[in-house]
Amino acid sequence: MKFRSIALAGALALSALQAQAEDLRVGVTTTGVPFTFIDTSTQKPTGAMVDLAAAIAADLDMEPEFAITQFSALIPALQTGKIDAISAGMFATDKRKEVVDFSETVYSYGDAVFVSGDDTGSYQLDDLAGEVVGAQIGTTFADQLQAKGIFSEVKLYDSLADIMRDVKLGRIKAGFGDKPIVAYQISQNPGLGVRLVDGYEPMSIGKVALAVSKDKPELLAEINAAIEAMKQSGELSAIFGKYGL
């Protein structure tokens, strides 16, 4: 009887470990509409990259577990093992590739500039030389703007909402952000008091992908296989199309 009890306890422990292994812990943000944001009716993460991660997890017979994380803390969370993957509006840059591995590209876009709704100017990057501009900390846009060296200051913010507030109040001349995210937020919230500058040529076009730790090549291969299958079936396009992307 004692042996059977020990065997049963061992089987239960093994089952618990297997159940735990079936969870895919995914880092997302709340400020990346329509890629990742909180559904106010359910208070749960949603968006194109959330739906994509859930679809990938289902393909891998895993259960997605979403961890809401500040954008600048996503890669550190991945490196320390707090999450298994990042699924956000994150560009696969050479600098980031030094510390994490990226999946196949799932979406591409560039930066946008926005100004106060009262500002009727049409701006390109050089037109804003000498001005104070804003960007979200940890983004490629922030690094690019600082490298230009033409602004009186590049202020860094935790969220896009904070940048929009300071643009509206005239504290900074213009803000920079992910074009689909900025466009979606302005279209959904006319009272933000800012407008997208039409005709602006982005500094670069970035490729969005999921990120995994460099010590999990098997997971990366599985994610890539799932993405390729969704590209072929049209499911990938349908996921992004749902959010106007």
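Between the side chain of Asn189 and the backbone N or O of Gln185 there is at least one donor-acceptor pair closer than 3.5 Å. Without hydrogens or angle criteria, Ser204 side chain to Gly206 main chain gives no donor-acceptor distance under 3.5 Å. Proximity of a side-chain donor or acceptor of Ser152 to a complementary backbone N or O of Glu131 within less than 3.5 Å is detected. A donor-acceptor pair under 3.5 Å links the side-chain atoms of Asp39 to the main chain of Ser41, judged by distance alone. Under a 3.5 Å cut-off, the side chain of Asp119 and the backbone N or O of Gly121 do form a donor-acceptor pair. Of the possible donor and acceptor atoms, one in the side chain of Asp127 sits under 3.5 Å from a partner among the backbone N and O of Gln124. A donor-acceptor pair is defined here as one N or O able to donate and one able to accept, closer than 3.5 Å; no such pair exists between the side chain of Glu228 and the backbone of Ala225.
Side-chain contact between Ile181 and Pro34 is present, with heavy atoms from C-beta onward closer than 4.5 Å. Side-chain contact between Leu52 and Val106 is present, with at least one heavy-atom pair separated by less than 4.5 Å. Proximity of Asp94 to Lys97: side-chain heavy atoms (C-beta onward) are separated by under 4.5 Å at one or more points. Side-chain contact between Glu153 and Phe151: absent, with no pair of heavy atoms (C-beta onward) separated by less than 4.5 Å. You'll find the side chain of Ser103 reaches within 4.5 Å of the side chain of Leu220, heavy atoms only. Between Ile172 and Val133, the closest side-chain pair of non-hydrogen atoms is not below 4.5 Å. Between Ile150 and Asp126, the closest side-chain pair of non-hydrogen atoms falls below 4.5 Å. Put simply, the side chain of Arg171 reaches to within 4.5 Å of the side chain of Leu169, judged on heavy atoms.
Of all heavy-atom pairs spanning Leu125 and Lys148, the tightest one is CD2-CE, 3.4 Å. Minimum heavy-atom separation, Ala53 to Val26: CB-CG1, 4.0 Å. Closest approach of Ala211 and Val100 over heavy atoms only: CB-CG2, 4.1 Å. Nearest approach of Pro180 to Leu245, heavy atoms of both residues: CB-CD2, 3.4 Å. Shown here for Ala92 and Phe102, the closest heavy-atom pair between the two residues is CB-CG, 3.5 Å. Listed here is the closest heavy atom pair of Leu196 and Ala112: CD1-CB, 3.6 Å.
No continuous path of hydrophobic side-chain contacts links Met90 to Ile227 [ILVMFWY only; heavy atoms under 4.5 Å]. Both Val167 and Val182 are assigned to one and the same hydrophobic cluster, defined by single-linkage of ILVMFWY side chains at heavy-atom distances under 4.5 Å. In this structure, Leu156 is a member of the same hydrophobic cluster as Phe141, with clusters built from ILVMFWY side-chain heavy atoms closer than 4.5 Å. Hydrophobic clustering (ILVMFWY, side-chain heavy atoms < 4.5 Å, transitive): Met203 and Ile205 are in distinct clusters.
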Handout entry: CA sep, side-chain torsions, deciding dist, call: Thr140, Asp143, side-chain hydrogen bond (donor to acceptor under 3.5 Å, both in side chains)
Key = CA-CA 5 Å; Thr140 57; Asp143 295 336; over 6 Å; no
Problem - Check against side-chain contact (heavy atoms from CB on, under 4.5 Å), Gln136 and Thr31 - result: CA-CA 10 Å; Gln136 193 174 354; Thr31 58; 3.6 Å; yes
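With respect to the salt-bridge test (charged N to carboxylate O, under 4.0 angstrom), the residues Asp111 and Lys179 do not qualify.
Rounding to the nearest 0.5 Å gives a distance of 14.5 Å between NZ of Lys173 and CG of Asp166. The structure places CE of Met49 at 4.5 Å from CG of Leu210, a figure rounded to the nearest 0.5 Å. Atom-to-atom distance recorded for Phe114:CZ and Ile186:CD1 is 7.0 Å, nearest 0.5 angstrom. A distance of 11.5 Å separates CZ in Arg165 from CG in Leu160, rounded to the nearest 0.5 Å. Atom OG in Ser237 sits 11.0 Å away from atom CE in Met230 (nearest 0.5 Å). The CG atom of Leu145 sits 14.5 Å away from atom NZ of Lys155, with the distance rounded to the nearest 0.5 Å.
Screening residues 193-218 for salt bridge (Lys or Arg N to Asp or Glu O under 4.0 Å) gives Asp84-Lys216, Asp101-Lys214 as the qualifying pairs, with residues at least two apart or on separate chains.
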Residues 54-79, side-chain donor-acceptor partners within the protein, below 3.5 Å, at least two apart:
unit_1	atom_1	unit_2	atom_2	d
Thr69	OG1	Ala67	O	3.2

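With Tyr107 as reference, Phe240 is the one residue of Tyr243, Phe91, Phe240 to meet the ring-ring contact (aromatic ring centres under 6.0 Å, His included) rule. The side chain to side chain contact (heavy atoms under 4.5 Å, CB included) test with Val28 is passed by exactly one of Ile38, Val50, Thr46, Ile86: Val50.
By the 6.0 Å contact criterion, NZ on Lys82 is open, its count of non-hydrogen atoms from other residues, nucleotides or ligands being 12 or less.
Residues forming a side chain to side chain contact (heavy atoms under 4.5 Å, CB included) with Val113 (at least two apart in sequence, or on another chain): Leu128, Ala174, Phe176, Val197, Tyr200.
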